Amino acid sequence: MTDTKTVIEANLSNSEHMNDLLYVLESYKTGDMGDGIPYKEREKARLLTQFLVHPNVMVFLVYCEGKIAGGAVCFKSFS
């Protein structure tokens, strides 16, 4: 059986997408690679605001069987 995986570019105006992004970011932050400390509510609000106003941010979300499984926050630039 193959798991169905879907990658989408998040709509930063979609609250479901933003909640899924926060879930992914907090899972990383509280996991082995992070500091183990969950975000405070004001930190979550600041993150969401900054993603909305940053002119070069791109956010991708990965869903497996319809459930959030991961994501990527990218910043467009060139060198």
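In this chain, residues are counted from 1 in sequence order. None of the values given here were measured: they were computed from a predicted structure.
The closest side-chain heavy-atom distance from M58 to F75 is not below 4.5 Å. Side-chain atoms of Y63 and I8, non-hydrogen and from C-beta on, do get closer than 4.5 Å to each other. At least one side-chain heavy atom of L12 sits less than 4.5 Å from a side-chain heavy atom of M18. Proximity of V62 to I68: side-chain heavy atoms (C-beta onward) are nowhere separated by under 4.5 Å.
Around atom CD of E16, no more than 12 heavy atoms belonging to other residues, nucleotides or ligands sit under 6.0 Å away. Atom OH of Y23 is surrounded by 12 or fewer heavy atoms from other residues, nucleotides or ligands within 6.0 Å.
A distance of 9.5 Å separates OG in S15 from CG in D20, rounded to the nearest 0.5 Å. In this structure, CG on L61 lies 10.0 Å from CG on N11, to the nearest 0.5 angstrom. Taken from CZ in F60 to NE2 in H17, the straight-line distance is 12.5 Å, to the nearest 0.5 Å.
The shortest heavy-atom contact between E43 and P38 is OE1-O, 4.3 Å.
Looking only at distances, a side-chain donor or acceptor of E65 sits under 3.5 Å from a matching main-chain atom of T4.
Residues that satisfy the side chain to side chain contact (heavy atoms under 4.5 Å, CB included) test with K29, not counting sequence neighbours, are D35, I37, Y39.
Between E41 and K44 there is a salt bridge, with a side-chain nitrogen of the basic residue lying less than 4.0 Å from a carboxylate oxygen of the acidic one.
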